[in-house]
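Report on the following structure.
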Amino acid sequence: MSGSGEPVGPPREIVVTVNGRRYHEAAPDRILLSDFLRHRLGLTGTHVGCEHGVCGSCTVHLDGAAARACLLLAVQADGAEVHTVESLASGDRMHPLQEAFREHFALQCGFCTPGILMATLDFLTHNPTPTRTEIAEMLSGQLCRCTGYAPIIDAIAAAAQAGAE
Amino acid sequence: MNGTGAPGGWIGAVPHRVEDEALLRGRGRFIDDLSPVPGAMHLALARSPFAHAQIRGIDVSAAQAAPGVLAVLSGADLAAAGRPLGAVIRGATEHYAVAVDVVRYAGEPVAVVVARDRYLAEDAAELVEVDYEPLEAVVDPLDAAEVGHVVSDRSFRYGDPEAVLAGAPLVVRGRFPFGRWIAAPVECFGVIADWDHSTDSLTVWANFQGPFTLHTVAAGALGLPAARLRLLTPPDSGGSFGVKAGVFGYIVLAGLTSKICGVPVRWIEDRVEHLAAAGSATHRVTDVEAGFAADGELLALRYDVIEDVGAYLRAPEPATLYRMHGSLTGAYTVRHVAVRNRVVHTNRCPTGLNRGFGGPQLYLALERIMARGAARLGLDPAAMARRNLVAPEAFPYRTATGGLYDSGDYAACLDDALQAADYDGRRRQQAAQSTGDGRRRLGIGLACVVEPSISNMGYISLAETATERARGWPKSGNAEGATLAMNPLGGVTVRLSTVPQGQGHRTVAAQVAAEVLGLRPADVEVQSEMDTHVNAWTVSSGNYSSRFAGIGAAAVAEAAGRLAEKLRAIAGDELECAPDDIELRDGQARVVGQPDRGVSLRRLAGAAHWNPESLPEGLEPGLAVTAFVSAPNLDPPNDADEVASSAAHGFVVDVAVVEVDTLSGEVRILDYVTVHDAGTLLHPRLVDGQIMGSFAHGLGPALLEQTVHDPDGNLLTGSFMDYLCATSTEIPELRILHRCTPSPFTPLGAKGLGEGNTMSAPAALANAVCDALGVDDLDLPLTAPRIWEVLAAAGERGER
Amino acid sequence: MKPPPFRYVRPADLGEALVVLATHGDEAKVLAGGCSLVPMLNMRLARPEVLVDVNGLDGLAEVHAGDGTVTTGAMLRQSVLERSPQLRGALPLAAACAPHIGHFVTRNRGTVGGSLAHADARGELPLVLLTLGGSVLAQSQRGQRAIAAEDLFVYHFTSALEPDELLTEVRWPVAGPGWGYGFAEMAQRHGDYALAMAACALRRHDGAVAEVRLGLGAVADRPLLAADAAGALVGHDLDGPAGDVAVTEAARLAAAVARPFDDLHASVAYRRHLVGVLSERVIRQAWLAAGEGA
Ligand code: FES
Ligand code: FES
């Protein structure tokens, strides 16, 4: 496996539920949650773009709240529930927010997209009917270098509107 | 439902992107998601903390002894296994993937650690002991020119610029620095390399973007014949905007490391490495002189350009300087041009491709000098621009420097833009406001830019004199290939060599193939991974110079057309009519005008695959076609140094309306209108996406983004806390309008359009802010602190 | 950008956390929200031997309303401060600054105590706590002590906490009748560290300023109180012409106490200028708000 890191002391046994599935894993203290998800569990939908908390592409949900996986140690997720972008679609049905992104051409390279989806879903639970300005402020913590953001704001606004109806 | 079809067919329709579902589900396959070879070891690089230093010695023993470490290699180890990276200009500083003896920029690799994982590799990289003797660093391009760090110094003249300038009623001069800024794709570089000693060949997976001229450069540095460097790209790449051309240096680094260590290796660049060492746009200082007639006619231009390419001339540099050579006169008819181009080395990271590639720097200078000329003559800038635009009946139009503009109606675009922005109303508003308290000032900025696409592979040779060029091979054109195959059930696969990083090439290729073959895009599967052992490619393949719409899609159309021809021949035989009387529609081959006389493509495909004996006499069996197309009119530079540097030329007019708060220095964009003429639009939604992205990419260096080094060459913008990428709260919504003058030079009439606003936005915004404040010059980026300083220095500090 | 090796400790309770801190002292770092510490780990700018994760400790995120103060646990997430109706009502100044702390996602994780203990001179919460005249509770095996905000912020990134001490509670003075607040910052992008910021707490009585505190952030090695500036306001009706003079004078005095740094992003002169601009803005905001409450 890649990205394990030599432990100082024995690796810790952790139990973490990711996308509804329980994993028992031995994790060295210093492995980042982003690396753990990607390289240990093979959940490569969570992306890494800066590893200092700025770009937002690693955003996942930790116990229901959006969080930067690059700012968390895997051991901190011991006993917690993590959700990643892979959990959003059910079978061949994408989540309405994912559909809205497709409908509004809100992605180009798609590297930023998983993090933006995860951040947005948490945002909408607290603010189901946001203004465009509020959406932009939330998005200011998620870097996208392709789209110029306007189509992403369109998609989120449309998904929120559809959700509200 | 998979989107909608346009009335005329699939070209110009706006189907959903075929790329999206996998990406939305987190099932994209980016470089760091792949494990194509088992047992790859991880690399971490030790990098120089100094901008310029002699390496007196390297001690790798502690690093070598660290847990999990297989090997630690120095620059000398790699140099012994390979060769320097070839440069475009003879005599440029020798450049190895890992420094040998001297480091020339902060962040330059000095040693490679090979370890079991990246954590351990980073631990060991910290233990590499390098004994440096710091040397003096040169950071500023003007200083570099002053002390003679000049790699290339070329002068050009077209017409009679000296005489015309001397006789011009008004001559305006200005200096326009354009600092470094970066593409900063959200995904960094990544390379997985596997050297096979049994065949002495290298297989490498990398999120490289082309141009594939660099495949040849990499093979040379690896000491391999090109056929033994198999380069593959992953299906997805997390943006590039040019910078991932620079991955080739790391292909060499990882390839030689794999060769020396005898194991496959993987290197995933992190953000700190990327900001320090991946590359940026050039830092250019342009001195301009422009001669004007009293009525605003631009009579002559003189450019004196100093271009900082950093510590090494990394291929394809100095391309940034020459990419726009045929368009040095922009959208204007001026015939007298003098140019001096000096390429200088500084102790900063080597530069490279960055969206807009030379355009932002050129147009900042040209459009600012036009605005200043208008101000001096008391003319409205819009009227001044109109006075000078190339007229619609002049196309195809040969520019003074040899560019061949294909088509357009520039004045009509300008009118559209002025009207959409309510230009006259804004001017009135501005005049009325000048009687207010003066704290907030309205400014209007224009930019008219010609957006070249599909670069002539020969333009770079302008860096050499005609005599020097004559000693080498002439280079010209820009070619692309595509392979298209129909399977036994009538489904179609397409393989592209255009290496997209999010532009939706697969979606558009499916539309084009579907249109030509009378299928639905859903019947067409498109792959866009490059595999240099499989794909149909040329040195000009890849994703740059906005070449997909004009040439990449054209290669698909050409391949599809040849397959269609074959299908019509088979159908004609079967339906007993001339192939020319057959049309392909709705999955059928039908006799034109006789809708019930037809045969399904599926059946024709089955016949071709299963029953080649049934094929018409002389028809080659098989239904796979590889076609290449090359853009026309792209000759090598001539002896007069004239060059058609690009094949197609779109046109962009921007009107930026800003309000500057003189108290805080903040710039607020009140409105931003952009009018485009990019010929035929293959997928209008993707087009607007490219325009918005391109605008964001130009707004960055205009308002916020700059790569800054201190006078010793230390990077001050080494993290995303200090390199300020424009975010959703800084980028305004854009109003986009289109006109369509198809290009006569590209098979589908399409022109590239992914870079125009990166070229125009810095100029338009600088013009708007200067207009608001009534100042001659402001350096970019136009940050609030900087604007306030300028006002303060002018005694115009906004007081509370 | 992978963290260097360290030992991760997740104490079961506060007592155990204090033992760990007492044992390791300077070698240990407290891991709260991780928004500042983990980037430093990933860039290998911080190399603690032991990381003490206090996220799992019970009782450190509670909110108690007392007499004139609200006490919040140190581990209260910034997003709660931003969103909780109770806290927004009691602590309008803290709520006003909250949207400027990092971004939506980082506020989910970032904690109030972590931000105060970090003592970043550009931090919003240190400025607000100082402006309100609040304090924190520091606990160690040696006992506990309250540290007033005035004494907490020693230097950029340096607080008065001893290595064995854990910041466990924050005591915020609650908005009382007649009080109004103002907060403003200037940053290059939404969510960036401010180039300068100001906060004001002001009590109106009988149509004039009765009490006022003006705080400045990001313009010195720690957040500052501009006492002279505040003094210039007391007794004035800020709506009248004399009020304008007082506000201008207060802004001038505020700019005079700032000790900003030059950096890549802005000069000393610009930051000092902003202090005046923002001071005036927050004084006006607070005056208005105090008027509405009255
Ligand atoms: S990778 Fe975590 S925020 Fe950028
Ligand atoms: S779509 Fe490429 S970074 Fe957002």
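Sequence lines set the chain letters: A, B, ... in the order given, protein chains first and strands last, and positions in each chain run from 1. Source: prediction; values computed, not measured.
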What's the spacing between [X] [atom1] and [Y] [atom2] if we round to 0.5 Å?
{"X": "A/C146", "Y": "B/H697", "atom1": "SG", "atom2": "NE2", "value": "10.5 Å"}
{"X": "B/D32", "Y": "A/F111", "atom1": "CG", "atom2": "CZ", "value": "7.5 Å"}
{"X": "B/S719", "Y": "A/E51", "atom1": "OG", "atom2": "CD", "value": "13.5 Å"}
{"X": "A/C109", "Y": "B/F241", "atom1": "SG", "atom2": "CZ", "value": "6.0 Å"}

Below 4.5 Å from any heavy atom of chain A, which atoms of [X] appear? Answer side chain, backbone, both or neither.
{"X": "B/S237", "value": "backbone"}
{"X": "B/A40", "value": "neither"}
{"X": "B/A115", "value": "neither"}
{"X": "B/I268", "value": "neither"}
{"X": "B/M721", "value": "both"}
{"X": "B/D33", "value": "both"}
{"X": "B/F720", "value": "both"}
{"X": "B/E122", "value": "neither"}

If we define contacts as heavy-atom pairs under 4.5 Å, which of [options] has the most with chain A?
{"options": "B/S694, B/G28, B/A184", "answer": "B/A184"}
{"options": "B/P185, B/P732, B/A726", "answer": "B/A726"}
{"options": "B/E21, B/E19, B/H274", "answer": "B/E21"}
{"options": "B/G26, B/A696, B/G693, B/S728", "answer": "B/S728"}

* Structure fact -> Among residues 123-135 of chain A, residues within the sub-4.5 Å heavy-atom range of chain B, in order of number, are A/R132
Check this for me, if you would: do [X] and [Y] make a salt bridge, where the nitrogen-to-carboxylate-oxygen distance has to be below 4.0 angstrom?
{"X": "A/R145", "Y": "B/E705", "answer": "yes"}
{"X": "A/D92", "Y": "B/R25", "answer": "no"}
{"X": "B/R118", "Y": "A/D35", "answer": "no"}

* To do: Report the C-alpha separation of A/H39 and B/D117 in whole Å, then their side-chain angles, then the decisive distance to 0.1 Å, and conclude whether the side-chain hydrogen bond (donor to acceptor under 3.5 Å, both in side chains) test is met.
  => CA-CA 11 Å; A/H39 299 303; B/D117 71 50; over 6 Å; no
* Locate the shortest heavy-atom distance separating B/L23 from A/G110; write the atom from each residue and the value. => CD1-CA, 4.1 Å
* What is the minimum heavy-atom distance between A/L143 and B/V186, and which atoms define it? -> O-CG2, 3.7 Å
* Asked: Going through the distances and angles, do B/E187 and A/H47 end up as a side-chain hydrogen bond (donor to acceptor under 3.5 Å, both in side chains)?
  -> CA-CA 8 Å; B/E187 180 197 39; A/H47 294 156; over 6 Å; no
Can you tell me which portion of [X] sits under 4.5 Å from chain B's heavy atoms? Options are side chain, backbone, both or neither.
{"X": "A/Y149", "result": "side chain"}
{"X": "A/E99", "result": "neither"}
{"X": "A/R38", "result": "side chain"}
{"X": "A/L88", "result": "neither"}
{"X": "A/S57", "result": "side chain"}

* Centroid separation B/H683 to A/F105 less than 6.0 Å -> yes
* **Trace of the side chain to side chain contact (heavy atoms under 4.5 Å, CB included) decision for A/I31 with B/Y119** => CA-CA 8 Å; A/I31 186 176; B/Y119 289 71; 3.6 Å; yes
